[in-house]
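Before any comments, here is the structure.
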Amino acid sequence: MTSKDCGSHSHSRRKLIRRIIWSIIFFIFIIFLTILLVWAILQPSKPRFLLQDATVYAFNVSGNPPNLLTSNIQITLSSRNPNDKIGIYYDRLDVYATYRSQQITFRTSIPSTYQGHKEINIWSPFVYGTSVPVAPFNGLGLDQDQDNGSVMLIIRADGRVRWKVGTFITGKYHLYVKCPAYINFNNKAAGVIVGNNAVKYTFTSSCSVSV
């Protein structure tokens, strides 16, 4: 075989490899373009959350100055999937309470679950903590608010979700949920007594959701 034949053979081989590579790239591009078009047509909507109620079993600020919080609150949190063609995987969802942007309870994990089209999920986790340290100014604020008869808390849920379209499942997205919870300690008629010193408060405001 002459050197000319070897050069021609090598050139043909490189040309074949380039064609294979470009075919693979084109195939991947078509797949991603199809996914993008399907996604744009379906226009997925964020899940809608609602804090339905909160049952307060314990809420006490202690210390001198007050900087330790002991709390035990059971909440009812509902989530609705507004999409009729898209399902939602909740891979992780942690619920906790905050006061003036500071976390004041431990995180409670909600089991992973799948939410079908137009489906509603309801969870009733406890958010709690024993002698949880709070910032000095927040401790004074909590103590004063409780003495005045009302405390505004924010129930938060942080997690990871995936969307399901047919057999296609997306990557994970971070989910942030914020629900206002106005606790009226001064007026037990604002809630329902459900046990020894336990009061259940019902809410009607919806939660803000960002993904």
For residues 118-139, please give each side-chain donor-acceptor pair under 3.5 Å, one per line with the distance, not counting sequence neighbours.
{"unit_1": "Lys118", "atom_1": "NZ", "unit_2": "Pro82", "atom_2": "O", "d": "2.9"}
{"unit_1": "Glu119", "atom_1": "OE2", "unit_2": "Gly116", "atom_2": "N", "d": "3.3"}
{"unit_1": "Asn138", "atom_1": "ND2", "unit_2": "Gln102", "atom_2": "OE1", "d": "2.8"}

Give every donor-acceptor pair under 3.5 Å between a side-chain atom in residues 47-54 and any protein atom, sequence neighbours left out.
{"unit_1": "Gln52", "atom_1": "NE2", "unit_2": "Ser78", "atom_2": "OG", "d": "3.4"}
{"unit_1": "Asp53", "atom_1": "OD1", "unit_2": "Thr76", "atom_2": "OG1", "d": "2.8"}
{"unit_1": "Asp53", "atom_1": "OD2", "unit_2": "Thr76", "atom_2": "OG1", "d": "3.3"}

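Linking ILVMFWY residues whenever their side-chain heavy atoms come closer than 4.5 Å, directly or via other members, leaves Leu68 and Ile104 in distinct clusters. Cluster annotation: Phe26 and Ile17 are assigned to distinct hydrophobic clusters (Ile/Leu/Val/Met/Phe/Trp/Tyr, side-chain heavy-atom contacts under 4.5 Å, transitive). Under a hydrophobic clustering in which Ile, Leu, Val, Met, Phe, Trp and Tyr are joined whenever their side-chain heavy atoms come within less than 4.5 Å, directly or via other members, Trp22 and Ile30 fall into different clusters. Hydrophobic clustering places Val209 together with Val161 (ILVMFWY residues linked when any side-chain heavy atoms are closer than 4.5 Å, directly or through intermediates). The same ILVMFWY cluster, assembled from side-chain heavy atoms under 4.5 Å apart, contains both Val177 and Ile110.
With hydrogens and angles disregarded, a donor-acceptor distance shorter than 3.5 Å links the side chain of Asn81 to the backbone of Asn83. In this structure a side-chain-to-backbone donor-acceptor pair under 3.5 Å is missing from Thr113 to Tyr90.
Hydrophobic side-chain contacts under 4.5 Å tie Tyr114 into a cluster, directly or through other members, with Tyr89, Ile169. Cluster partners of Tyr182, by chain and number: Met152. The rule joins Ile, Leu, Val, Met, Phe, Trp and Tyr whenever side-chain heavy atoms lie under 4.5 Å apart. Chaining together hydrophobic side chains whose heavy atoms lie under 4.5 Å apart leaves Tyr176 on its own.
Evaluation of the salt bridge (charged side-chain N to carboxylate O under 4.0 Å, His left out) rule for Arg100 yields no partner, not counting sequence neighbours. Every side chain to side chain donor-acceptor pair (under 3.5 Å) that Thr98 has, sequence neighbours left out, goes to Arg156. For Phe59, the ring-ring contact (aromatic ring centres under 6.0 Å, His included) partners two or more places apart in sequence, or in a different chain, are Phe185. Contacts of Asp145 classified as side chain to side chain donor-acceptor pair (under 3.5 Å), with partners at least two apart in sequence or in another chain: Tyr99. Applying the salt bridge (charged side-chain N to carboxylate O under 4.0 Å, His left out) criterion to Arg162, with sequence neighbours excluded, gives Asp91.
Scanning all heavy atoms of the two residues, the minimum distance from Val199 to Gly191 falls at CG1-CA, 3.8 Å. What you find for Ser71 and Thr105 is that their closest heavy atoms are OG-CG2, 3.5 Å.
The side chain to side chain contact (heavy atoms under 4.5 Å, CB included) with Ile88 is formed by just one residue from the set Gln115, His117, Lys46; it is Gln115.
In this structure the side chain of Arg92 reaches within 4.5 angstrom of the side chain of His174, judged on heavy atoms. Using a 4.5 Å heavy-atom threshold, the side chains of Leu93 and Ser109 count as separate. Contact annotation: the side chain of Lys178 approaches that of Ser208 to within less than 4.5 Å [non-hydrogen atoms, C-beta and beyond]. Residues Tyr173 and Leu175 form no side-chain contact, since every pair of their non-hydrogen atoms from C-beta on lies 4.5 Å or further apart. No side-chain heavy atom of Ile154 sits less than 4.5 Å from a side-chain heavy atom of Cys179.
Within the structure, salt bridge (charged side-chain N to carboxylate O under 4.0 Å, His left out) pairs that include any residue of residues 132-142 do not occur (at least two apart or interchain). Pairs passing the side-chain hydrogen bond (donor to acceptor under 3.5 Å, both in side chains) check and including a residue from residues 56-67, sequence neighbours excluded, do not occur.
Residue Arg107 holds its CZ atom at 4.5 Å from OH of Tyr96, rounded to the nearest 0.5 Å. Interatomic distance, OG1 of Thr55 versus CD1 of Ile75, reported as 10.5 Å (0.5 Å rounding).
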